[in-house]
4 protein chains.
Amino acid sequence: MEPVTVVLAELVERHRADTAGDVARYIPELARADPHAFGLAMVSVQGHAYQAGDAAAAFTIQSVSKPFVYSLALSELGLAEVARRVGFEPSGEPFNAISLEAGTGRPANPLINAGAIVTTALIGGDGEAAFERIRDTLSGFAGRRLTVDEDVYRSEAATGDRNRALAYLTLSQGVLERPAQQACDVYFRQCAIEVTAVDLAVMGATLANGGRNPVTGRRVVDADAAGATLSVMATCGMYDHSGEWMLRVGLPAKSGVGGGVCAVSPGQFGVGVFSPPLDPQGNSVRASAVLRELSAELGLHVLRHTERARSPLQAVRTDHGAHHLELLGDLGFAAAEEIVHCVRRLARDQPRPLVTVDLSHVTAVRPIARRLLADCAAGLRARTTVRFVDPAGLVRRPSTDRSDTPGERAERAE
Amino acid sequence: MEPVTVVLAELVERHRADTAGDVARYIPELARADPHAFGLAMVSVQGHAYQAGDAAAAFTIQSVSKPFVYSLALSELGLAEVARRVGFEPSGEPFNAISLEAGTGRPANPLINAGAIVTTALIGGDGEAAFERIRDTLSGFAGRRLTVDEDVYRSEAATGDRNRALAYLTLSQGVLERPAQQACDVYFRQCAIEVTAVDLAVMGATLANGGRNPVTGRRVVDADAAGATLSVMATCGMYDHSGEWMLRVGLPAKSGVGGGVCAVSPGQFGVGVFSPPLDPQGNSVRASAVLRELSAELGLHVLRHTERARSPLQAVRTDHGAHHLELLGDLGFAAAEEIVHCVRRLARDQPRPLVTVDLSHVTAVRPIARRLLADCAAGLRARTTVRFVDPAGLVRRPSTDRSDTPGERAERAE
Amino acid sequence: MEPVTVVLAELVERHRADTAGDVARYIPELARADPHAFGLAMVSVQGHAYQAGDAAAAFTIQSVSKPFVYSLALSELGLAEVARRVGFEPSGEPFNAISLEAGTGRPANPLINAGAIVTTALIGGDGEAAFERIRDTLSGFAGRRLTVDEDVYRSEAATGDRNRALAYLTLSQGVLERPAQQACDVYFRQCAIEVTAVDLAVMGATLANGGRNPVTGRRVVDADAAGATLSVMATCGMYDHSGEWMLRVGLPAKSGVGGGVCAVSPGQFGVGVFSPPLDPQGNSVRASAVLRELSAELGLHVLRHTERARSPLQAVRTDHGAHHLELLGDLGFAAAEEIVHCVRRLARDQPRPLVTVDLSHVTAVRPIARRLLADCAAGLRARTTVRFVDPAGLVRRPSTDRSDTPGERAERAE
Amino acid sequence: MEPVTVVLAELVERHRADTAGDVARYIPELARADPHAFGLAMVSVQGHAYQAGDAAAAFTIQSVSKPFVYSLALSELGLAEVARRVGFEPSGEPFNAISLEAGTGRPANPLINAGAIVTTALIGGDGEAAFERIRDTLSGFAGRRLTVDEDVYRSEAATGDRNRALAYLTLSQGVLERPAQQACDVYFRQCAIEVTAVDLAVMGATLANGGRNPVTGRRVVDADAAGATLSVMATCGMYDHSGEWMLRVGLPAKSGVGGGVCAVSPGQFGVGVFSPPLDPQGNSVRASAVLRELSAELGLHVLRHTERARSPLQAVRTDHGAHHLELLGDLGFAAAEEIVHCVRRLARDQPRPLVTVDLSHVTAVRPIARRLLADCAAGLRARTTVRFVDPAGLVRRPSTDRSDTPGERAERAE
C-alpha cells in the first residue's frame, strides 16, 4: 500500500474505537448521522489524493464552509472592504455568541455565525445569484460540482431563528449588506452543501496551494485571500478552543457540526476528516484526536519546524584565487546568513576575489534569502565579483509573483 | 555593510519619522521614556546578531517577560500541571481584563495580566527565590545578567492595585499558588527587569531555536516548552489585536508597555524592537509597523510559505536495471511524496529493481518525509530493494530527539 | 384657579425654560417633535382630571405602552404563565439590551424591548386580532378610543431590525409565542399609538386605582395585574436609571422615546407628562425634573411616608366599668397596635369589662389592622366583651375582595 | 396572647416544617449553623416589640449590615458625596459580582460586596476608629451594645480573597477611600457582628421611623439617609432576586448569608427573621416565605395600598350661610381633593360664604393635602372666608421638619 495511505489507514484504525461525543441533535437530519462513520483524506499541493475509511461518505459542510466563503469575499472585495464589516479577532466565545465589536458593530470574526452571515451577505447579486456564486466557488475548491442536501436546508431554515436574530442584529448595526431573511437563506443553503472527507481535503489543499486547486489546476481565489483565510482559521477556526488547537495541533483548521473538519498544512497539503460525534465545543472528537496525532507524529505544527537543516554549503573550492561555492537545499534566512558570512569572509581575506555561487543544486530561495544574497553581492561590488550560477533563476525571480506556482507563471506567460 | 544590518538600518530609517502613539503614562518612570528612541535587532538561530538604531538602549521588559516566564513554568511543571491554573485561549479582551474561565476560574491565557500573575506564582521557592529563579531564566534567555530598574519596580508596586485585585481574584478561585501580595511583588519585579532590543532578539532567538540560546549555546527551557510558548504568543501575544497580528504579520510576538516587542520566526531568528510610543491596544506603534513590513517583504508569515520548491529529484539515472535517484533540498511532505511516487513507479515497471536513493545533497529530512521514505522502502521490500545513500544519517535519525540541534546532540553524546 | 391645577401650572412654568436633552432621532417622525412642547396632567382615583401646558398634544406612546400590555397579559394569563416567558428583574442594562436569562432564555423584564416583544406576543389571536385586543385595552386604560400614527408605525417597521433580532432571539429560546415578524409588527403598531399627557394620566390613575378606570368606571385589568405591573414599573421602569428614580422620585413610572412619561401614586393618582427632549438614558428631561420635584415637595415617595399620624384614640371614656373608645383616622398597623394595647390594658386592669370600640369616625381599616382588632377581641373573649360600633362595616369586611373599591363591590352585587 | 405575637407565632408554626435550602458553607463557622433555628420579630415605630421562635438566638449580621452602614455614610457625608463612589442601580448580578460602572468605576450599588466595601471605607478615622464608629451605629440601630463573633471574623478574614480582589479593584478605580486591606478588615469585622432577630427588627423599625430608634428614642441617622437607604433596599436588597421580591413582597429588605433578613414597612415597623438555610440566591428560604405571606395576608405591599378610604367628609352642616365641614381620617391627596371640591362648590353656589374646615378629628395631613388645602383657601380669599379649626396644628405645620416625629419635635423644643 502507498505509504501516505498507510499513515491514514493506521490513524483511522487507531481512533475508530473512540466513541466519545454526540452527534448534533438540533435538527433531525443531523441527529440521524451515523456515529460510526469515520473518513480521512489528504490531498497534496501536487494534487495527489489519499484516503482511508469512509472518505467518500457525504455529509453537510456546515461551518466548514465559512472560511471558503470568506476567502471568496476577500478575493472579490479585498481585505480592507471586508474588514469594514467583519473583524479577525478570536472572540473567546462559543460559535453562536453575539460578539459584535463595540463601536463598529462588526462581528468579531468570520468564523462565528454572526460573522459568517455578514460574510455571506457580501457576495454580490440577488439571493439566488449569490448562492450560485458561493456554490460555484465551493465547487471550485472541491474540484467537483457540489449539491445541496435539501432536507437539511429546509430543516436549518425551519429552526434557524438564532441565526436570523444575528442577521437582524448585524443589519441594525449597518454591517449586513443584504436583507436579513435573504442573507440567512443563502447562509442556510451554503451550510447544507454536501461534501466528503476527500472534498474537504481538496478544499484545504487549494488553500495550502495559495488558492489554486492542485487537482484541477484552476485558480479559485487569489493568493492573498487564501493566506488571510488561513490566518483567520489559525486564530479563530476552532471556536473557543482555538488557542488550545494552535498549541496542540498547530495547523489552521475549521470544523462543522456535520462532523467535518478541514485542516491545512500551508504549502503542503489539505486534510479532510469526517466523524459526526462532537465534543462540547462542537468539534468532531475523532477529527481532533486524529489531527493532533498526525501533527505531533509527523512534525506538522507550523510553529515547531525547529529541526535545523544541514549547512547549505556543500563545498567551497578555491582555485587560483577563484572561489566556487556549491550550495544545497532550500535557502531561507538561516542558509542565506551562512552563505553571506562565507562570501564576506572570502572577500575580506583576499583582494578582489572572484566568487562563484552555484545554485544548481538549490531547490528554493525564499524571499528573505534572495534579498540577502542580492544585497551581499551588491554590497561587495567594489571589492569582489560575485557571480551566481542560477539555472532555475531562483535569485533573479521577481518578488511580485511570490505566491504563484511555476505552472501558473507558465500559464500566464502564454 | 553586512546585508542583514542593511535591512534593519533601512527599516529604522523608514519608520523613524512616524511619531504616532503615546508613551505609557500610568507611572512617571514610563512617562519619561524618550519617544524618539528606536532600536531594532535580529539574532539568528546560529547566534549571529544584527542591529540598528538604539538597539543597546535599556528599558523595562514589562509584559514581554510573560511568555518567557510561562516557558519556565512549562519547563519546570509540564503543560498539564500549568494548564490546570491558566488556559491558552485568546480572551478577546484587553490586557487587564478579568477573563477568568467560568467553572475552573483559570485566567484565559498566560499573556493577560491575570494569567501572567498566576504563571509567575507557579515558580517555586519563597518570593525572593522565585524572583531570582525568574531573573536567572530571563538572563539565560538574554545571554547576560539582567538587572532590575528599582525605580520602575517601586512605582509599579505603588500603583499596581488592579494587578493586586487580579491576584486576589485568582487566589479566591484556587488557581494562585502563592500569597497574593507576594505573587504581585515577584511579578512587579519581573516586569521591571531592564533589557535592550538586542536582549529581546536573543531571547526570541532562543525560543526560535527550541529553547537553547544560540549565542551562549546553553539550554534555557526544553523544546516542548519553547514550542508551546510560541503557540500561545501566536494566538494571544498582542492582546485584543492578536487576530489581526496573525493575519498581517504572522509571527509569534509579545509586546510590553515599555515599548519593547519580541517577535520570533520559528527555526530562524528572533527580533527585538524598542520604541516607546504605544497604540491604544498598548502595542508599540513603530514596532508593529516595522514587523509588519519585515514580514511582508521578506516572506516570513508562518502560514504563507506557499512558494513551491523545485523538484527534489535532481536526476534519475538508470543503469542495467539499477536506478539511482539523486535528491536535493529540504525534504518535507511534498518532496517525499514526489520521491515515493517515483520509486513506486520504478518498482511497478520492472521486476525486482535495485533502487538507490542518494541523500548526499539533501539538507534536511522532516519527520513526515522520514516516515514516508521509510514506509515506502519497507512496503516494497517484497518486490524491490531500496537502498539509501545517507552520509548524514538523515533518514535513520531517531524521531525522539526531533527538537535538538546537531550541536546539542553532539554535546549530549560526550 | 383650582389648587391642583395651580400646582401643575407652576411646575410647567418653572421647568419650561429647561432646554436640555435631545428629541429622539432614529426615525424622522420622532425627530420632527417640537422640543418646546410640554404638557402635564394628573388624574385622581376619584376620576378628577387636572392639566397644564400642552396636555392635549398628541404623541406616540412608544415604551409607555409596555407596562399596560404587560398588565393585560397578566390579567389574561396570570402571573405564573407570564413569568415562564419574561422575568421581573432589573437588568442593569439599556432598554435595547439583550439580557436574556441564562438557562431559561427569558428576557430580564417586560419593560426592556426583548421582554416587551415577548409580552406583546402573549396576547391571543392572529396578529390583527392581537393588536386590536391591545388597542382596546390601552383605550380602556385611557378612557377613549386611541388611534395609530401610521407614519410612525411605518417608519418604526422600516428601521426596527434590532427589535426583529430580539424577537428572533427570544423565538430561538422558546419564549416567543408568535412568529417573530408578526410579533414585531404588533409591537411596532402598539408603540405608534397616539396619546396625550391627559391620556397617560388616566392610564396611570387606572393602575393607581387597582385596574379600574376612575373616569369611565370600567375595570380594565384585574387588581393583581395592576399591582404586579406597578411593582415592575418601580424596579425596571426607567431602564438603567431605575434605582436612582426609586431613590429620588419613589413612584412607579415608565418613559417612552416619544417624550411621554406615566407615573403612578398607588391608591391616589396617575400623572402624565409630555416633553420630547430626552436624556442619554432615553428618559424625558423635563418629565424627570417635574416628577422629582412633585414627589419631593408633596411627599409622594412610596417609601417615605414616615410622618406619624395622631393617635387613633380620639377619646376613651369610662362609665360604670364600661369603656368607650372613640377612634379616628385611617387604621393601619400603628393605629391598630395602639388600640390593641389600650384594650388589653383595660382588660387587665379590671375583671370582665365591657369595651366598646367605636369606628364611626374611622375612614379606613387596613387588612393588618382588621386582623389585629379581630384577634384582640377574640383573644380576650374569656375575660372581656369587646363590641365594635362599625356602621361602615370596616372590621367585618371579608378579606377576599380586598382590592375592590366599594363601587365595584356594589356593582357586582347587582 | 397578644395579637401581633399570635400572627408571628402562627407564621413560625406554619413555616417551621419547610426544610428547603442549605446553610452557607464557605467558612466552617457558618456551616455549623443550626438549620432548624427559626426566629421572627417585629418592632413597631412606637417601640413595641413582638417575637416568636428563636428570636433571641445570636447569629452574624453579614450582608444585613450593608444598608445600615450605607445610611451612616449618607448621614455623615450626604448623598452627593457618597454617590461619587457608589451608585444606586440594581446590577442584575449576584452579590459578589464585579459590576463596576464603565467610566466612573463605581460599584453598581452599596448592597453588592464591592459597593459595601467602598461604603464601609467612607467611614472616617483609622481602621479601628472606623470600625468602632460602625459598631456604635449598628448598636444605635439595635438599641443595645453589639459584639463581634471573633471566630467568624477570623474565618472570613482568612478566606476573603474575593472581597480583597473587589477592594483592590475599586481602589484601582479611585473609589475606595482607604487602603484595601484595612477596608476589608473593617468590612469583615462589620459582617461578623452578632445580632438576633429582635435586633434586626429594631434596626428595621429605626429605618421605618425615619432614622430614630423607636425603642431608645435616639436618632441614629438623619431622615434623608434612612429614606434613601430604604429606596436602595427596595431595588437592590435581595441581589438578583430584587425585582421578584418587590413584586411578591413589596417591602424594602436585606438578607445575609448568616440566615438573617431585615424587612421594613416604612412608617410602620421593622421585621427581623432568622433561619439559616439559604436558597441559591443566598436568601434565607423561610424568611422569604414568611415575609411573602406576611405581606400578602396583611396588605403590606408598599405599592398595593389600593383600598380606598371612606370620604373624609364626616358631615357638612350649613347654618345661616355658614358652612361647617367636619373632617375625618388621614388626609392624603384623595381626601384633600374631595375637600377642595366641596369647598369650591360651596364658594361657587353662594356669595362670600363663611366656610369652617374642622380638623379636630383628623389624624394626619400629608404634605400634598396641606398644600392643596392651603392653596384652596388662599385661592378663594377674594370670594370666601375659609377658616381652619386645627387644634393639632396639622395644616400650619411647617414643611421643613416633615420627617420628624412629634416626640422628636417636642424634644428639640426643650
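Values below: all heavy atoms of this structure, side chains included; hydrogens, waters and symmetry mates excluded.
- Distance check, rounded to the nearest 0.5 Å: CG of D:L169 to CG of B:L169 gives 7.5 Å.
- Remark: B:S172 OG to D:Y26 OH distance equals 13.0 Å, nearest 0.5 Å.
- The structure places CZ of D:R164 at 13.5 Å from CZ of B:R164, a figure rounded to the nearest 0.5 Å.
- The shortest distance between side-chain heavy atoms of B:Q173 and D:R162 falls below 4.5 Å.
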